[in-house]
Protein chains: 2
Amino acid sequence: MEEHKSNPSFKPIATRKIYQYILEQFVHLVSTGVLKPGDKIPSERELAESFKVSRPSVREALRVLEIIGLIDIQPGGGAYLKEMELGPFISVVAPLMFSRDRFDLELLEFRELIEIRAIELLPNPLSAEALEPMGRAIGEMRRALLDNDVEAGALADIQFHRSLLLASNSFILQKVLELVVSLFEHAVRGGRSVVLEKQEDAAQLLHDHERIYQELADGNTDHAKKLLSSHLAMVKNLART
Amino acid sequence: MEEHKSNPSFKPIATRKIYQYILEQFVHLVSTGVLKPGDKIPSERELAESFKVSRPSVREALRVLEIIGLIDIQPGGGAYLKEMELGPFISVVAPLMFSRDRFDLELLEFRELIEIRAIELLPNPLSAEALEPMGRAIGEMRRALLDNDVEAGALADIQFHRSLLLASNSFILQKVLELVVSLFEHAVRGGRSVVLEKQEDAAQLLHDHERIYQELADGNTDHAKKLLSSHLAMVKNLART
DNA sequence: CTATAGTAACTGGTATTACCAGTTGACAGG
DNA sequence: CCTGTCAACTGGTAATACCAGTTACTATAG
């Protein structure tokens, strides 16, 4: 282990790959607003010619942009920019996360921390546009309960919480919670239901959601916060069994 | 906009790309523990032959693994698995984040939320191994203060908080905070110092760290928590100006 | 024998070319 | 006007080649 003389005069030379340069230019164009969501990206062949590089290099850059969730690639169609979306990234990483012990419980605790903060930041009164998706999620959950469709119920549950956070004004909180919620969603779709299968538990969930919705609609943010807190605590207890 | 008839009987056919299959197999091998950090990954040519696909396809999968921070690729050497590391991902995404208004402030607020929770979860008493890196970060910060080295000071600050979170026992909190701290680090290295340049402010930071460290060493977690809270509030106020 | 330099066999990085499959739009024929 | 066909795109994949860097072995000079 004597190789690292670490002569302070000489720093290792960082070699950058060319896909990183392409990536850099793209990100710069997006962050400066030159490229906006919905814009169509030139074809791979055009890009290769513009950058004076080969098509594989362009493809590697696009691959990364795809995983980051910054572009949407349609085979035969083209590539389009979109609002950054953490879904694709999550779907790759999720299995690595859930292989850990007690990850489900930790995730719930973390979600509690974030979600309560999100509700504190909700504007008061809540706009009708913010309330609408929450109401829709509740309706969906009610239907799922009647049909005894466990997975649909769980997804509706997630949708409710997602619409809650979308109403908050913190960009970071939205992104982080989006990440957490995506993890839950991934777990549910993968069949590892972190959720409740018993009918009465699902009914309780629905009931909680309805009450939270009502309090928010009435402008009682404090009440809603307390309800959400106990709601998540209940879920946590159920999951622990 | 009438194209989406959304006939419930027919679901769109999802076509998966072959790099996703390769990715899936890799992630599965890692999450089941067959592949462990430090293991060497076969060469691209071997993999291509094993998977019966072309080398570009293998490369695209490896590219993604590299961005996720799951492997380390040495040109001319080979690829090695490592503990997942969010750094590469952050360095791509960071510019997109910091292009938003008031992101710095939001980041501080979010960090406050997370970090206080992390200190609540600290084991009590704190082990010497957990305290040691914190002490080292304080020493580094003291040196930077004397040398009037702003960037080194900021990085030492980050190092202190990073070592704090590493002592907590929550895997998620560690990962999320690691992500946040990486964002700060990226900002500092990029010259967009979210930090303080005035000598007396830096001295105050150092003083706060020393007190927090002392309280933690003495086992007074509650005191440390209060100190951290006011410490971060102070930083936030300074950043607001 | 040892240490050096040289060399051959790797590795990943990039480029080139080609073909396939899916999409799109124009255009001709009903 | 609708419809089916076809040509010109698009991205997905493959095969091949060459470059540059790493590594380890080897032969040579001391």
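In what follows, chains carry the letters A, B, and so on, assigned in the order in which the sequence lines appear, proteins first and then strands, with residues in each chain numbered from 1.
- Base pairing in DNA chain C gives the following stems of 3 or more Watson-Crick or G-U pairs, range against range and under 3.5 Å: C:1-30 with D:1-30.
- In terms of modelled atom types and a separation under 3.5 Å, the side chain of E140(A) and the main chain of A156(A) share no donor-acceptor contact.
- Along DNA chain C, the stretch of nucleotides lying under 4.0 Å from any heavy atom of chain B spans, 5' to 3', dT11(C) to dT14(C).
- Using a 30° and 60° split on the angle between ring planes, F171(B) and F103(A) fall in the perpendicular class, above 60°.
- When only modelled atom types and interatomic distance are considered, Y19(A) and E66(B) share a side-chain donor-acceptor pair under 3.5 Å.
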Pair up each side-chain donor or acceptor in residues 75-90 of chain B with any protein partner under 3.5 Å, not counting sequence neighbours, and list the distances.
{"residue": "Y80(B)", "atom": "OH", "partner": "K40(B)", "partner atom": "NZ", "Å": "3.4"}

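- Spacing between atom CZ of R16(B) and atom P of dG12(D) amounts to 14 Å, rounded to whole angstrom units.
- Taking 4.0 angstrom as the limit, S57(B) places a side-chain polar atom (N or O) nearer than this to OP1 or OP2 of dA14(D).
- Between L177(B) and A118(B), the shortest heavy-atom contact is CD2-CB, 4.3 Å.
- Of the residues in residues 58-78 of chain B, P75(B), G76(B) come within less than 4.0 Å of DNA chain D through at least one heavy atom, sorted by number.
- For Q74(A), the CD atom sits in a packed shell: over 12 heavy atoms of surrounding residues, nucleotides or ligands are nearer than 6.0 Å.
- At distances below 3.5 Å, not a single donor-acceptor pair connects side-chain atoms of E115(B) with backbone N or O atoms of E112(B).
- Remark: the backbone N or O of V53(A) is not paired with any side-chain donor or acceptor of S57(A) at under 3.5 angstrom.
- DNA chain D lies under 4.0 Å from at least one heavy atom of each of the following residues of residues 44-54 of chain A: E44(A), R45(A), E46(A).
- Checked by atom type and distance alone, the side chain of D147(B) never pairs as donor or acceptor with a backbone atom of A144(B) at under 3.5 Å.
- If you take CG on L165(A) and CZ on F160(A), they are separated by 11.0 Å, rounding to the nearest 0.5 Å.
- Here the side chain of Q174(A) pairs a donor or acceptor atom with the backbone of S168(A) at under 3.5 angstrom.
- Between the side chain of E60(A) and the backbone N or O of E60(B), no donor-acceptor pair lies under 3.5 Å.
- Under the rule for a ring pair (Phe, Tyr, Trp, His ring centres under 6.0 Å), Y213(A) has no partner lying at least two apart in sequence or in another chain.
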